[in-house]
Protein chains: 2
Amino acid sequence: MRKDKRRRLERAGWTVGDAGDFLRLSDDERRFIETKLALAAGLRQWREHLGLTQTQVAERFGSSQSRVAKMEAADQTVSTDLLLRSLFRLGASRRDVARLLSQRPRTRAA
Amino acid sequence: MRKDKRRRLERAGWTVGDAGDFLRLSDDERRFIETKLALAAGLRQWREHLGLTQTQVAERFGSSQSRVAKMEAADQTVSTDLLLRSLFRLGASRRDVARLLSQRPRTRAA
DNA sequence: GGAGTGTATGTCAGTTCAGACATACATGCA
DNA sequence: TGCATGTATGTCTGAACTGACATACACTCC
């Protein structure tokens, strides 16, 4: 059961929102999710720092405002791949991204 | 196969192997690819450090040896998402990953 | 209240990715 | 040479992701 279930869980992302669920994740899942949250938060910071709206960023990316919103919300339909590309497109360096990753995870509102 | 591969590379906006082509990438693309290469190289290092074969890692992941080989080769069909998950599953911390990202990119054999 | 601006959420169709399998290549050793 | 072990490459199918669009929510100003 484990392997299948685990894989399915990882595939599907995670059950959303609630700290209880969050804490039931295995260590590697937790690290992955923290990474994703850190990138998402970083993207928002970066955008705000540039003084851009989500719509403006979307135009720059050739994407849509809704997708940018989902990125910043670390939505399940958004991959870290997209988050990384987006940060880089906004001018972040690999080192900037590394900094985001090594930061302590912020507790997030449930 | 050449043609297919070529097409795939172009679609991804990426030509592997040759420094000249490499340099034609835009900065953000370059940073993204360097990131991917760094994660792939890191994964290999990590695995070798653990003294595991690709097959063993594949079993641990519930994946296949070929997929692990492609991960370490930074194959086009492998996302940074998968690379990150894999590193975490092998026990890397976010900080370890961050370290990989901030390292200078290795010049790779053309 | 209503209009304007910025952000969030739900869904869909087309594309990309994941694991699986076959198979090729490389190296070591009897 | 033949065989074992480890790694690389090609390709298929089902699952996940992406951008697009519609629409809802939140806030401000008039």
Side-chain angles (χ1 to χ4, degrees), chain A residues 3-17 29 32-33 36 39-41 43-87 89 108-109, chain B residues 1-14 16-17 32 36 39-41 43-89 108-109:
Chain A
K3 205 176 283 182
D4 250 288
K5 189 162 191 176
R6 163 84 53 102
R7 208 188 319 168
R8 206 187 151 67
L9 239 184
E10 290 170 355
R11 275 254 186 90
W14 57 91
T15 11
V16 96
E29 289 168 327
F32 179 71
I33 290 168
K36 192 162 166 179
L39 294 176
L43 183 62
R44 166 156 289 168
Q45 279 182 261
W46 211 270
R47 173 177 66 79
E48 291 179 344
H49 187 257
L50 293 175
L52 298 174
T53 67
Q54 291 182 345
T55 304
Q56 289 172 320
V57 168
E59 280 163 10
R60 196 189 274 207
F61 286 2
S63 179
S64 58
Q65 178 269 325
S66 62
R67 207 103 266 279
V68 176
K70 283 170 220 252
M71 289 182 212
E72 297 186 353
D75 188 279
Q76 311 204 198
T77 72
V78 167
S79 69
T80 56
D81 233 276
L82 183 60
L83 291 172
L84 284 173
R85 283 182 205 274
S86 299
L87 278 162
R89 280 191 277 207
R108 44 187 224 124
Chain B
M1 142 234 179
R2 259 298 195 281
K3 215 173 293 179
D4 238 78
K5 194 162 190 176
R6 166 87 62 101
R7 190 181 65 82
R8 204 180 257 178
L9 295 179
E10 288 172 353
R11 187 180 46 194
W14 159 338
V16 187
F32 180 72
K36 192 162 166 179
L39 294 176
L43 184 62
R44 165 156 288 168
Q45 279 181 262
W46 211 270
R47 174 179 64 79
E48 292 179 342
H49 186 257
L50 292 175
L52 298 174
T53 67
Q54 291 182 344
T55 304
Q56 289 172 320
V57 168
E59 280 163 10
R60 195 189 274 205
F61 285 3
S63 178
S64 57
Q65 177 269 326
S66 63
R67 205 105 265 278
V68 176
K70 283 172 220 249
M71 290 182 211
E72 296 185 354
D75 190 279
Q76 313 279 147
T77 71
V78 167
S79 69
T80 55
D81 233 275
L82 184 59
L83 291 172
L84 284 173
R85 281 184 208 271
S86 299
L87 279 162
F88 289 139
R89 280 190 276 206
R108 29 184 251 127

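Only this structure's heavy atoms are used, side chains among them; waters, hydrogens and symmetry mates stay out. Each chain gets a letter, A, B and so on, in the order the sequences are listed, and its residues count up from 1.
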Do Gln45(A) and Glu72(A) have side-chain heavy atoms sitting under 4.5 Å apart?
no
Do Gln56(A) and Leu50(A) have side-chain heavy atoms sitting under 4.5 Å apart?
no
Interatomic distance where CG belongs to Leu82(A) and P belongs to dA16(D) [whole Å]
17 Å
In Å and rounded to the nearest 0.5 Å, what is the NZ to CD distance from Lys70(A) to Gln54(A)?
11.0 Å
Phosphate OP1/OP2 of dG19(C): any Arg85(B) side-chain N/O under 4.0 Å:
no
Do Thr80(A) side-chain atoms and Leu83(A) backbone N/O form a donor-acceptor pair below 3.5 Å?
no
For the residue pair Leu82(A) and Arg67(A), establish whether any side-chain heavy-atom pair is separated by less than 4.5 Å.
yes
Using only heavy-atom distances, decide whether a donor-acceptor pair under 3.5 angstrom links the side-chain of Lys70(B) to the base of dG10(D).
yes
Is the phosphate of dT16(C) approached by Ser79(B) (side-chain N or O, under 4.0 Å from OP1 or OP2)?
no
Shortest non-hydrogen separation from Met71(B) to Ala40(B) and the atoms involved
O-CB, 3.3 Å
May I have the distance from Asp81(B) (atom CG) to dA18(C) (atom P), rounded to whole angstrom?
7 Å
Rounded to the nearest Å, what distance is computed from the CG atom of residue Asp75(B) to the C1' atom of nucleotide dG10(D)?
10 Å
Could you work out which one of dA18(C), dA8(C), dT18(D) sits closest to the side chain of Thr77(A)?
dT18(D)
4.5 Å side-chain heavy-atom contact, Arg89(B) and Val57(B)
no
Output the rounded distance in Å from NZ (Lys36(A)) to P (dA16(D)).
12 Å
Checking dT7(C), dG19(C), dA8(D) against the side chain of Arg47(A) (C-beta onward), the nearest is dT7(C)
Calculate the interatomic distance between Leu84(B) atom CG and dC17(C) atom P; express it in whole Å.
15 Å
Sorted by number, the residues of residues 50-67 of chain A with heavy-atom contact under 4.0 Å to DNA chain D
Gly62(A), Ser63(A), Ser64(A), Ser66(A), Arg67(A)
dT15(C) C1' sits how many Å from Gln76(B) CD, rounded?
15 Å
Atom CG of Leu83(A) and atom C1' of dC17(D): how far apart are they, to the nearest Å?
12 Å
Between dT18(D) (P) and Arg89(A) (CZ): distance, integer Å
10 Å
Sugar-phosphate only, base, or nothing, as touched by Val78(A) at under 4.0 Å among non-hydrogen atoms
sugar-phosphate
